[in-house]
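In what follows, a structure is listed as structure tokens, so that the remarks can point back to it.
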Amino acid sequence: MNMQSFYLFLLLLLFLGCQDIKKSQQHFIKGKNIERPYYIDLICFCSLLILSSCGGNTKQSKKTFWDDCNVIATRQVINGDTVIVCDPALIRQKKNIPLGLLLEDFKIVKLDNSSEDALISKRYAHTYVTNNYIGVVCYSYFPMKLFRKDGTFVREIGAIGQGPNEYNVIDYIDMDEKNNRIYILPFSAEHILVYDFNGNNYPKIKLPNRLLYGSTIKVYGDKKQVLITQPISPNTEYYVWIQDFDGNVIQGAKQSDYFKNVTSFSESTITRVRSGAIELFNFGWPNGNEYLYHYNSLDNSLVPQFKVKGDDLDFNIVHELPHQYVVEKARSNGPGDENVRTLKYIVDKETLKGCFFDGFETPQGIVYGRYDLLYGMHGSYFTILDFSSEVSESIKEIKEESLSSLQKEELQKLKSLLPDNEDDDEWSLLFVGKFKQ
């Protein structure tokens, strides 16, 4: 019985009880000796249950992550669209983001290192996860590597080179497990390379023009269509478009409709499709119009969703998660320490509360706060690929006495995955979990 039905039942009891009380009063006046109606006892018992239930719920209410955070954003109607506008000047708190806030599950996968082809030579490579596979790429450092979900190495897909069906630099990939296809977008390409999960190659997908570096693809295999985004440049016609496999543009949102007076190139479009929407943030182009957009394919338009208030918008990188936005100050380009950390803050879409944070905290107590860590995570999975030696060093920084009993238990499990001594072979560990939708 739900609460509404329960209250209706209680009202019925009250009504019946009142009728019997009225009768008993009449009998009492007439001098008759009667017992108290049983409804009265039942009503008192139900009332005690309700009071007890309310008191129990109050005691059991749990504090959420956002309770001690300030409201740092507002919903504003801009040209007919409701946009979340964040004001970082309102942020007062700073704390790490526990992965349990973002993810519905979490595990650590030890990637196979039994052969030379399986080895990962670059820390924090880009990862793509499907129901049964893990794809790892890192520009031109190595060919795409395909693993099963348990970490078993399957094969390399394609090869680095200039021959047929080879690539020099991988810009983006899309894995379509349902249709047994893997799509690789090379750097500055005029086509998309097509393979199956066995490594066999298929006819290329033609593009209408040579793409800029930092473009993204999402392939709809059943429809034989591809959605493509590319960075802003003086010569860009479409910011995002849908085409067929022959290179014919079906529809697209023109750059000139959203970005005016473009005189330089941006660095990339950030499209990770973490919440099902096609979200686009154009990193590197300062035009005072730094919205994170959603592409609405039904009416072929860009719909603004989020914006940061301030003068230095061109130095922000914005990522959309299913229930939050993460904003990070971009550091200068060029060589640098891959462990560099920058100012980051998070905004909750529902409460509009937020805080600064150093990094994402795993259930084992490790905090990952490297610059633009989210950039290498694609699709509906949160992933961090790290070397076993680096994980060992991170563990040394943990103050184990401050961990909960559950965190200590998870930390011991992690330690069991690491080499017994520093002379053992290096391997890669993948921290992975699915975003809460």
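Remember, it's a predicted structure, so these values are computed and weren't measured experimentally.
Leu302 contributes atom CG, which lies 8.5 Å from atom CG of Asp257 (distance to the nearest 0.5 angstrom). Atom-to-atom distance recorded for Ser428:OG and Asp112:CG is 10.5 Å, nearest 0.5 angstrom. The NZ atom of Lys122 lies 10.0 Å from the OG atom of Ser140; values are rounded to the nearest 0.5 Å.
A heavy-atom distance below 4.5 Å is not found between the side chains of Val318 and Phe283. Between Leu119 and Asn113, some side-chain heavy-atom pair lies under the 4.5 Å cut-off. By the 4.5 Å heavy-atom criterion applied to side chains, Lys434 and Ser380 are counted as neighbours. The shortest side-chain heavy-atom distance between Tyr325 and Lys307 does not fall under the 4.5 Å cut-off.
Qualifying ring-ring contact (aromatic ring centres under 6.0 Å, His included) partners for Phe245, counting only residues two or more places apart in sequence or in other chains: none. Here Phe431 pairs with Tyr368 under the ring-ring contact (aromatic ring centres under 6.0 Å, His included) rule; sequence neighbours left out. Residues satisfying the salt bridge (charged side-chain N to carboxylate O under 4.0 Å, His left out) test with Glu400, not counting sequence neighbours, are Lys415. Applying the salt bridge (charged side-chain N to carboxylate O under 4.0 Å, His left out) test to Lys224 and every residue at least two apart in sequence or in another chain returns nothing. Asp105 meets the salt bridge (charged side-chain N to carboxylate O under 4.0 Å, His left out) test with no other residue; sequence neighbours excluded. Partners of Tyr141 according to the ring-ring contact (aromatic ring centres under 6.0 Å, His included) rule, which considers only residues two or more places apart in sequence or in another chain, do not exist here. Residues passing the salt bridge (charged side-chain N to carboxylate O under 4.0 Å, His left out) test with Glu320, sequence neighbours excluded: Lys349. The ring-ring contact (aromatic ring centres under 6.0 Å, His included) check on Tyr345 picks up Phe356, with sequence neighbours excluded.
Applying the salt bridge (charged side-chain N to carboxylate O under 4.0 Å, His left out) test to every pair with at least one member in residues 159-179, sequence neighbours left out, gives these pairs: Lys178-Asp222. Under the salt bridge (charged side-chain N to carboxylate O under 4.0 Å, His left out) criterion, no residue pair touches residues 225-247, with sequence neighbours excluded. Residue pairs satisfying the salt bridge (charged side-chain N to carboxylate O under 4.0 Å, His left out) criterion with at least one member in residues 133-146, sequence neighbours excluded, are listed as follows: Lys145-Glu156.
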* Tell me, with the steps shown, if Tyr381 and Thr130 meet side chain to side chain donor-acceptor pair (under 3.5 Å). => CA-CA 9 Å; Tyr381 286 86; Thr130 66; over 6 Å; no
* **Full working for side chain to side chain donor-acceptor pair (under 3.5 Å) between Asp68 and Gln93** => CA-CA 8 Å; Asp68 57 357; Gln93 295 78 22; over 6 Å; no
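Pairing each heavy atom of Ser388 with each of Leu418, the nearest pair is O-CD2, 3.8 Å. In plain terms, the two heavy atoms of Glu279 and Val273 that are nearest each other are OE1-N, 3.0 Å. When all heavy atoms of Pro88 and Val308 are compared, the pair lying nearest together is CD-CG1, 4.0 Å.
Judged by the 6.0 Å distance and 45° axis criteria, Lys329 is not positioned over the aromatic ring of Tyr371.
Taking the charged nitrogens against the carboxylate oxygens, Arg155 and Asp117 have no contact shorter than 4.0 Å, which rules out a salt bridge.
A donor-acceptor pair is defined here as one N or O able to donate and one able to accept, closer than 3.5 Å; such a pair exists between the side chain of Lys344 and the backbone of Gly369. Using modelled atom types, no side-chain atom of Gln230 and backbone atom of Thr236 make a donor-acceptor pair closer than 3.5 Å.
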Could you pull out all donor-acceptor pairs under 3.5 Å where a side-chain atom in residues 191-199 meets a protein atom, sequence neighbours excluded?
from, atom 1, to, atom 2, distance (Å)
Tyr195, OH, Asn165, O, 2.6
Asp196, OD1, Asn198, N, 2.9
Asp196, OD1, Gly199, N, 3.0
Asp196, OD1, Asn200, N, 2.9
Asp196, OD2, Asn200, ND2, 3.1
Asp196, OD2, Tyr202, OH, 2.9

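In this pair, His126 and His378 present their aromatic rings tilted. The plane angle is within the 30 to 60° band.
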